[in-house]
Amino acid sequence: MVSRCCICKNVEESLEHILWNCNYSEIIWSCLGGIFCFKNPKSFEEILNSAKQKSPAVKEIWRVTAFITLKELWFQRNRCVYEEESFNEHNIKTRIMKFTTESEERMKNYMWNTSYDLQILKHFGMKCRKLKSVVVKEIFFKLSQRNQLLLCCDGASRGDPGIAGHGIIARNNVGYCVISIAGGLGIATNFFAEIMAVLCAGEWAIKNGFRRLLFRSDSKAAIAAFKNAKVPWFAISRWEKICQNVREWDFIHSYREINFSADDLAKKGANLQSGEKHIYTSKPPFLMNLEDELKTYYRFG
């Protein structure tokens, strides 16, 4: 015997029908859609994607509200089955609003200063959140001193861990590209990739007779490891050999916005097999421009 939906009594009952497709469920979702200006979701994935372009605060409120709605719809189904209770649209809406508002204490994300955000908060009786202001910073790229080789290094990992690669671009004090390297690392963490980028850059430099090195990296963790002699075990002997063969070395932290050449090379490296390298003896053809110390760059944060 086919079990009919205990709420609408028209269609065969299933989890998918109860949560998304039942006429009465659609009434509840349409009510929420009117508040958030979203269409009725038909899956968990659509719930997660609905607020993708909204502020962190709205995204948080929507997901809490949506999951409370799913719970209430299923609980309503159980009451219909075991307590012979009929569907009560008003009670369900009231419970969803109540439980969402009570969850405010656990919501900490920033809102945007828009009328849309304010209307959502007002509808649920919530207080205004902190605004995350965007600060625009001017940042500048600087080449190395005379007789000093600048080694711009970066690592990339598609996941942490994930498929990883490293990128290196070496430039002299007038900006000429001496060498560019994209290397594959296989499965690795991002930190491992950053460390390997510095090691491979240093090893190439001493092999080719450069003795004054300036490493540029956007990883503060990697820089701290080398500067404080706390490199991972796999890097100790390799780094010691580099140090023994140079007159001087130093590190400079660089935001990604002024380390984009090495970043692009690292992403290319992540497409290569472990141990595979692409080496360019001048500016790689896929790099439109290199960092220029006469230009102003901007960082948003």
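Index from 1, following the sequence.
Comment: R211 does not engage E248 in a salt bridge, judged by the lack of any side-chain N to carboxylate O separation of less than 4.0 angstrom. For D264 and K268, the salt-bridge test fails: no basic side-chain N is under 4.0 Å from an acidic carboxylate O. Using a 4.0 Å cut-off between a side-chain N of Lys or Arg and a carboxylate O of Asp or Glu, E12 and R4 do not qualify as a salt bridge. Remark: K98 engages E102 in a salt bridge, criterion side-chain N to carboxylate O under 4.0 Å. Using a cut-off of 4.0 Å between Lys/Arg side-chain N and Asp/Glu carboxylate O, E46 and K52 are scored as not salt-bridged.
Heavy-atom minimum distance, C80 versus I7: SG-CG1, 4.1 Å. A pairwise comparison of heavy atoms in L143 and V174 identifies CD1-C, 3.8 Å as the closest pair. Taking both residues in full, the closest heavy atoms of S180 and P284 are given as OG-CD, 3.4 Å, listed atom of the first, atom of the second, then distance. N10 and N23 get closest at one heavy-atom pair: ND2-ND2, 4.3 Å. Between F210 and V246, the shortest heavy-atom contact is O-CG1, 4.2 Å. Smallest separation of non-hydrogen atoms from N172 and S144: C-OG, 4.0 Å.
Between the side chain of R216 and the backbone N or O of K142, at least one donor-acceptor pair lies under 3.5 Å. Judged purely by atom type and a 3.5 angstrom limit, T69 uses its side chain to pair as donor or acceptor with the backbone of T65. A donor-acceptor pair under 3.5 Å links the side-chain atoms of R129 to the main chain of N109, judged by distance alone. D292 places a side-chain N or O within donor-acceptor distance of the main-chain N or O of L294, the cut-off being under 3.5 Å. D263 places no side-chain N or O within donor-acceptor distance of the main-chain N or O of N259, the cut-off being under 3.5 Å. Between the side chain of Y297 and the backbone N or O of Y255 there is no donor-acceptor pair closer than 3.5 Å. Remark: side-chain polar atoms of E89 are not paired, donor with acceptor, to backbone N or O of I28 under 3.5 angstrom. Using modelled atom types, no side-chain atom of R77 and backbone atom of C5 make a donor-acceptor pair closer than 3.5 Å. With E257 contributing its side chain and R299 its backbone, the two residues share no donor-acceptor pair below 3.5 Å. In this structure, the side chain of R63 engages the main chain of L48 through a donor-acceptor pair within 3.5 Å.
The distance between the ring centers of Y280 and F286 falls below 6.0 angstrom. Taking the ring centroids of W29 and F38, they lie at or beyond the 6.0 Å cut-off. Here the two rings, on F226 and F251, have centers that are under 6.0 Å apart. In summary, the aromatic rings of W62 and F67 are positioned with their centroids too far apart to meet the 6.0 Å limit.
A continuous path of ILVMFWY side-chain contacts below 4.5 Å connects F99 to I96, so both sit in one hydrophobic cluster. Under the 4.5 Å side-chain heavy-atom criterion for ILVMFWY residues, no single connected hydrophobic cluster contains both V198 and L265. Placement of Y176 and F260 in two distinct hydrophobic clusters is found when ILVMFWY residues are connected by side-chain heavy-atom separations under 4.5 Å, directly or transitively. Connection of L32 to W74 is established within a shared hydrophobic cluster, with ILVMFWY side chains joined at heavy-atom distances below 4.5 Å, either directly or through further cluster members. There is no path of hydrophobic side-chain contacts, each under 4.5 Å, that joins I279 to L272.
Counting non-hydrogen atoms of other residues, nucleotides and ligands closer than 6.0 Å to OH of Y116 gives a total above 12. The number of heavy atoms from other shown groups lying within 6.0 Å of CD (E84) does not exceed 12. Atom NZ of K277 sits in a sparse spot, with 12 or fewer heavy atoms from other residues, nucleotides or ligands closer than 6.0 Å.
Residues E138 and Y298 meet the side-chain proximity criterion, which asks for heavy atoms closer than 4.5 Å. A 4.5 Å side-chain heavy-atom check between K137 and V135 finds at least one atom pair inside the cut-off. Side-chain contact check for C243 versus W249: some heavy-atom pair is nearer than 4.5 Å. In this structure, S274 and L185 have side chains that are not in contact, with every pair of non-hydrogen atoms separated by 4.5 Å or more. At least one side-chain heavy atom of I120 sits under 4.5 Å from a side-chain heavy atom of F36. Side-chain contact between K130 and K108 is absent, with no heavy-atom pair separated by less than 4.5 Å. In this structure, E60 and E104 have side chains that are not in contact, with every pair of non-hydrogen atoms separated by 4.5 Å or more. Considering only heavy atoms from C-beta on, T100 comes within 4.5 Å of I68 through its side chain.
A cation-pi contact, defined as under 6.0 Å to the ring centre and within 45° of the axis, is absent between K227 and F215. A cation-pi arrangement, defined by a distance under 6.0 Å to the six-membered ring centre and an angle within 45 degrees of its axis, is absent between K295 and F141.
Contacts of E276 classified as salt bridge (Lys or Arg N to Asp or Glu O under 4.0 Å), with partners at least two apart in sequence or in another chain: none. Partners of E291 by salt bridge (Lys or Arg N to Asp or Glu O under 4.0 Å), not counting sequence neighbours, listed by chain and number: R171. With sequence neighbours excluded, the residues satisfying salt bridge (Lys or Arg N to Asp or Glu O under 4.0 Å) with E72 are R95.
S14 contributes atom OG, which lies 12.0 Å from atom CH2 of W20 (distance to the nearest 0.5 angstrom). Distance check: N21 CG to L15 CG gives 10.5 Å after rounding to the nearest 0.5 Å. One distance of note links CD1 of I258 with NE2 of H253; it measures 9.0 Å at 0.5 Å rounding.
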Please walk me through it: do V11 and C22 pass side-chain contact (heavy atoms from CB on, under 4.5 Å)? CA-CA 8 Å; V11 182; C22 178; over 6 Å; no
Hey, mind stepping through S55 and D117 against side chain to side chain donor-acceptor pair (under 3.5 Å) and telling me if it holds? CA-CA 8 Å; S55 70; D117 280 34; 2.6 Å; yes
Determine, step by step, whether L213 and R247 satisfy the side-chain contact (heavy atoms from CB on, under 4.5 Å) criterion, reporting the C-alpha distance in whole Å, the side-chain angles of both residues, the deciding distance to 0.1 Å, and the verdict. CA-CA 8 Å; L213 309 179; R247 294 197 196 99; over 6 Å; no
side-chain contact (heavy atoms from CB on, under 4.5 Å) between F234 and I195: does it pass, once the steps are laid out? CA-CA 10 Å; F234 63 85; I195 293 291; 3.9 Å; yes
Check the pair M107 / M126 against side-chain contact (heavy atoms from CB on, under 4.5 Å), numbers first and verdict last. CA-CA 10 Å; M107 299 183 189; M126 296 180 177; 4.1 Å; yes
Applying side chain to side chain donor-acceptor pair (under 3.5 Å) to D154 and S217, what does each step give before you reach the verdict? CA-CA 6 Å; D154 198 14; S217 171; 5.6 Å; no
Report the C-alpha separation of S157 and D160 in whole Å, then their side-chain angles, then the decisive distance to 0.1 Å, and conclude whether the side chain to side chain donor-acceptor pair (under 3.5 Å) test is met. CA-CA 6 Å; S157 176; D160 205 11; 4.7 Å; no
From CA spacing to verdict: salt bridge (Lys or Arg N to Asp or Glu O under 4.0 Å), E194, K220: CA-CA 10 Å; E194 299 282 3; K220 290 183 178 180; over 6 Å; no
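The aromatic rings of F87 and Y24 lie tilted to each other, with the angle between the two planes from 30° to 60°.
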